[in-house]
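Keep in mind the model is a prediction, meaning the values are calculated, not measured. Note that the numbering runs from 1 along the sequence shown for the chain. Atoms within a ligand are numbered from 1 in the order they appear, just like the ligands themselves.
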Amino acid sequence: MPAMIPFLKMNGLGNDFMVVDARAGAVRPEPAVIAKLADRRSGIGFDQFITIEATRSGADAFMRIDNADGGEVAACGNATRCVGALLMEERAAPAATIETRAGLLAARRAEGGLISVDMGRPRFGWQDIPLSEPFADTRAIELQIGPIDSPILHSPSVASMGNPHAIFWVDDIWAYDLERFGPLLENHPIFPERANISLATVTAPDAIAMRTWERGVGLTRACGTAACATLVSAVRTRRTGRAATVTQPGGDLRIAWAEDDHVWMTGPVETEFAGRFDPATGAFARDAEPARTAG
Ligand SMILES: N[C@@H](CCC[C@H](N)C(=O)O)C(=O)O
């Protein structure tokens with residue numbers, strides 16, 4: 001009989017996660033098993049596999065993030081809210097600190113049952129994104145797809161929120177086949193670690209609409225770090241003020257770039273169901289009981 005490990009299925013604005021508590025003992029499925037579990041037809045179906053691990057850093061826990069393709073990455077805004085909500089609920093505390101590969105992130109409860117996370121400082125240097133060649137100004141880099149004299153998409157802003165983002169400013173975010181252009185841009189040689197690709201438009205000085213092709217995932221209903229990267233890029237290019245509602249297909253996030261350079265993200269979390277899985281094979285079963293936890 002395989003050792004079946006409990007998991008929660010959670011989401012932040014429809015950006016969904018399989019969340020595993022590995023604080024009592026390591027749980028580290030092979031990338032192929034994560035990809036199998038992420039499959040929306042035959043598996044549980046999710047964008048990221050999230051592992052909560054013990055840490056000695058002083059934070060409440062370490063959060064490991066694997067994309068649906070099984071590749072480990074450093075940052076995930078929506079999952080940080082979910083894990084923050086779980087840790088706060090567990091401790092009946094108003095705040096939690098989460099260690100990630102992108103740094104220590106603080107989560108706290110906000111009005112209306114929402115969760116706020118300090119996503120840290122954005123970075124804009126070409127080596128920070130990273131890009132494969134120097135660019136002095138990353139507010140609009142030389143990158144285009146389509147005919148040279150009439151490009152379809154061009155001159156994205158780039159930023160790192162612990163992970164690489166490129167934001168193409170367009171008039172209509174639905175006028176482009178992101179499923180077709182996303183993979184081309186994600187894997188463009190200018191991005192040596194690949195990149196998350198967003199289309200964004202400013203709808204008011206404090207409102208942005210956007211959608212994202214996530215590295216290692218594909219089209220998502222929402223991406224927290226992309227929303228943060230887009231707001232700071234909008235400020236740098238004088239498109240918006242320092243706080244805005246960012247609307248994605250899954251709903252709204254409130255993003256604010258504080259004067260101390262930290263980016264705050266506020267939004268909902270939801271727990272969908274609980275289950276058990278075998279990390280060696282990817283076999284899984286959904287619990288009959290509804291999950292009783294955060295969100
Ligand atoms: N959904 C996330 C981002 C997850 C990681 C991303 N796909 C990457 O590869 O960097 C979010 O909410 O930020």
>> What verdict does the side chain to side chain contact (heavy atoms under 4.5 Å, CB included) test give for Leu105 and Asp118, after you've listed the backbone C-alpha separation in whole Å, the side-chain angles of each residue and the deciding distance to 0.1 Å?
In response: CA-CA 6 Å; Leu105 306 177; Asp118 174 356; 5.8 Å; no
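Classification of the Phe49-Phe46 ring pair by plane angle, with boundaries at 30° and 60°, yields tilted.
Interface atoms of ligand 1 facing Asn78, defined by a heavy-atom separation under 4.0 Å, are 11 (C), 12 (O). Close contacts of ligand 1 with Val73, meaning ligand atoms under 4.0 Å from a residue heavy atom, involve 5 (C), 9 (O). Counting atoms of ligand 1 from 1 in the listed order, those under 4.0 Å from a heavy atom of Asn15 are 1 (N), 2 (C), 11 (C), 12 (O).
Between Gly224 and ligand 1, a contact under 3.5 Å exists for at least one N or O pair. In terms of polar-atom proximity, Gly77 is counted as a contact of ligand 1, with an N or O under 3.5 Å from an N or O of the ligand.
Cys223 counts as a contact of ligand 1, since one of its heavy atoms falls under 4.0 Å from the ligand. The closest approach between a heavy atom of Ala75 and any atom of ligand 1 is below 4.0 Å. Ligand 1 is approached by Asn196 to a heavy-atom distance shorter than 4.0 Å.
Within the 4.0 Å heavy-atom criterion, both parts of Thr225, backbone and side chain, lie near ligand 1. Residue Gln48 touches ligand 1 through its side chain alone, judged by heavy-atom distances below 4.0 Å. Only the side chain of Asn67 comes within 4.0 Å of ligand 1, judged by heavy-atom distances.
A salt bridge does not link Asp261 to Arg123: none of the charged side-chain nitrogens sits closer than 4.0 Å to a carboxylate oxygen. We find that Glu72 and Arg28 are joined by a salt bridge, their nearest charged nitrogen and carboxylate oxygen being less than 4.0 Å apart. Note on Glu186 versus Arg194: salt bridge recorded, some NZ/NE/NH1/NH2 to OD/OE distance being below 4.0 Å.
Of all protein heavy atoms, the one lying nearest to atom 7 (N) of ligand 1 is Glu214 OE1, 2.8 Å. Of the protein's heavy atoms, Cys76 SG, 3.1 Å lies nearest to atom 2 (C) of ligand 1.
Residues Gln48 and Asp66 have side chains that never bring a donor and an acceptor to within less than 3.5 angstrom of each other. Using modelled atom types, one finds no donor on one side chain facing an acceptor on the other under 3.5 Å when comparing Ser198 with His165. Of the N and O atoms on the side chains of Arg254 and Thr245, at least one donor lies less than 3.5 Å from an acceptor on the other residue.
Cation-pi geometry between Arg236 and Trp257 is not satisfied (NZ or CZ under 6.0 Å from the ring centre, within 45° of the ring normal).
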